[in-house]
Each structure stands twice: as C-alpha cells, then as structure tokens.
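Please read these numbers as outputs of a predicted model, since none were measured by experiment.
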Amino acid sequence: QVQLVESGGGSVQAGGSLRLSCAFLGRTSTRICSGWFRQTPGKEREGVAALNSDGATTYVDFVKGRFTISKDRANTLYLEMSNLKPEDTAMYYCAALYSCWLSPTERLRQEIYQYWGQGTQVTVSS
C-alpha cells in the first residue's frame with residue numbers, strides 16, 4: 001500500500017518562500033516518477049514540476065526560476081518555492097508513479113500518475 005504524505009504548506013507574503021515535502025511510504029523503488037500539481041477552486045489541476053526516474057526535471061513556464069523539485073534518498077519529494085506570488089495560491093498535491101520512465105510531454109499530465117498526496121494549502125498574500 002503506497003501512501004504519499006504531504007507537509008509544509010502555509011501562508012506567506014508575496015516574495016516569500018516555502019518548502020513542501022511529500023514522504024513516499026509503503027514501497028521502495030529506484031524508478032519513481034514524481035511530480036507536484038496544484039489546483040484552485042473551479043479550475044483543473046495543473047502540473048507544476050516533475051522529477052523523472054532518471055533525474056530529469058520538468059517545470060511549467062510560470063514557475064521556472066522560482067520553484068525547484070528534488071528528492072532525497074529517503075524518498076521524500078520536495079518543492080522549494082521562492083519569490084512566491086499571489087497567483088501561486090492553491091492546493092498543492094504530490095504525485096507518484098512507480099517503475100516508470102516518462103517522456104517530457106507526459107511528466108506534467110496528472111492522468112499519468114497513480115498515487116496522490118492529500119494536498120497542502122499554500123496561500124500567498126500581496
């Protein structure tokens with residue numbers, strides 16, 4: 001049973017920073033594809049950043065240079081967010097797929113991923 005447990009959301013002023021964490025529990029693998037997605041009320045969930053099983057990273061344009069995705073050896077996924085903007089306000093979700101390799105066009109597509117965290121709220125005030 002795979003479980004993704006998120007933490008690290010909160011409220012911050014514009015220009016501030018936050019780090020989101022997502023612990024992968026219940027299964028170990030060296031070939032994990034993972035990503036961060038976000039959703040605001042009334043909108044579809046959108047991909048923010050992805051970390052492929054080969055270590056390649058992919059970012060959506062509006063976070064490039066501000067967000068960094070990484071994973072440690074304990075299989076905890078991180079999203080370092082800096083220079084946050086009010087439009088970054090959303091519920092953030094981590095996602096994972098095991099035994100995979102994703103093409104660049106697949107990595108930010110939510111339907112690809114099998115496991116999801118419960119979500120953590122990020123609120124950025126102006």
Side-chain angles (χ1 to χ4, degrees):
Q1 182 76 17
V2 174
Q3 188 178 8
L4 274 56
V5 180
E6 300 181 38
S7 60
S11 298
V12 65
Q13 289 192 324
S17 300
L18 282 174
R19 186 177 78 162
L20 307 183
S21 301
C22 175
F24 296 174
L25 306 177
R27 179 178 173 183
T28 59
S29 173
T30 58
R31 292 182 57 214
I32 301 174
C33 300
S34 52
W36 287 97
F37 294 76
R38 70 187 189 187
Q39 189 172 24
T40 55
K43 292 189 177 181
E44 287 197 5
R45 194 174 299 182
E46 60 183 359
V48 173
L51 178 63
N52 206 30
S53 55
D54 61 2
T57 56
T58 304
Y59 297 93
V60 68
D61 284 347
F62 52 76
V63 305
K64 284 181 180 177
R66 299 190 299 123
F67 291 10
T68 302
I69 188 171
S70 63
K71 184 162 64 69
D72 64 20
R73 294 191 176 192
N75 273 346
T76 297
L77 184 71
Y78 299 99
L79 185 67
E80 300 270 4
M81 305 184 293
S82 62
N83 192 21
L84 283 161
K85 304 176 181 182
E87 51 265 41
D88 294 318
T89 295
M91 184 72 77
Y92 283 72
Y93 299 89
C94 60
L97 181 67
Y98 285 73
S99 300
C100 65
W101 183 92
L102 298 178
S103 69
T105 58
E106 294 175 313
R107 292 169 193 165
L108 293 178
R109 289 172 52 189
Q110 61 167 325
E111 64 269 23
I112 297 292
Y113 293 87
Q114 183 176 4
Y115 301 102
W116 290 86
Q118 79 281 6
T120 186
Q121 178 68 36
V122 171
T123 302
V124 184
S125 58
S126 58

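Qualifying side-chain contact (heavy atoms from CB on, under 4.5 Å) partners for K43, counting only residues two or more places apart in sequence or in other chains: T40. E87 meets the side-chain contact (heavy atoms from CB on, under 4.5 Å) test with K85; sequence neighbours excluded.
No side-chain heavy atom of Y78 sits less than 4.5 Å from a side-chain heavy atom of L20. Between V2 and F24, the closest side-chain pair of non-hydrogen atoms is not below 4.5 Å. Inter-residue side-chain proximity for T68 and Y59 is flagged as met; some heavy-atom pair is nearer than 4.5 Å. In this structure, T58 and N52 have side chains that are not in contact, with every pair of non-hydrogen atoms separated by 4.5 Å or more. Annotation: side chain of E46 is in contact with side chain of F62 (closest heavy-atom distance under 4.5 Å).
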With side-chain contact (heavy atoms from CB on, under 4.5 Å) as the test, would you mind laying out the steps for I32 and S53 before giving the verdict? CA-CA 5 Å; I32 301 174; S53 55; 5.9 Å; no

Apply side-chain contact (heavy atoms from CB on, under 4.5 Å) to the pair D88 and R38, showing each step before the final yes or no. CA-CA 9 Å; D88 294 318; R38 70 187 189 187; 2.9 Å; yes

Walk me through whether F67 and L84 qualify under side-chain contact (heavy atoms from CB on, under 4.5 Å). CA-CA 9 Å; F67 291 10; L84 283 161; 3.8 Å; yes

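The CG atom of D54 sits 9.5 Å away from atom SG of C100, with the distance rounded to the nearest 0.5 Å. Note that CZ of R31 is 5.5 Å distant from OG of S99, once rounded to the nearest 0.5 Å. From C22, atom SG reaches atom CG of L79 across 10.5 Å, with rounding to the nearest 0.5 Å.
Separation of the Y115 and Y98 ring centroids falls under the 6.0 Å cut-off.
Closest non-hydrogen pair, S21 versus T76, comes out as CB-CG2, 4.2 Å. Of all the heavy atoms in S126 and P86, the pair that sits closest is CB-CG, 3.9 Å. The shortest non-hydrogen separation linking S34 to L77 is OG-CD1, 3.4 Å.
When the shell of 6.0 Å around CD of E111 is examined, it contains more than 12 heavy atoms from other residues, nucleotides or ligands.
With hydrogens and angles disregarded, no donor-acceptor distance shorter than 3.5 Å links the side chain of T57 to the backbone of L51. Judged purely by atom type and a 3.5 angstrom limit, E6 uses its side chain to pair as donor or acceptor with the backbone of C94. Looking at T89, its side chain does come within 3.5 Å of a backbone N or O of V124 through a donor-acceptor pair.
Membership of the apolar cluster around F37 extends to M91, Y93, L97, L102, I112, Y113, W116, as traced through chained side-chain contacts below 4.5 Å between ILVMFWY residues.
By the 6.0 Å and 45° rule, R107 does not stack over the aromatic ring of W36.
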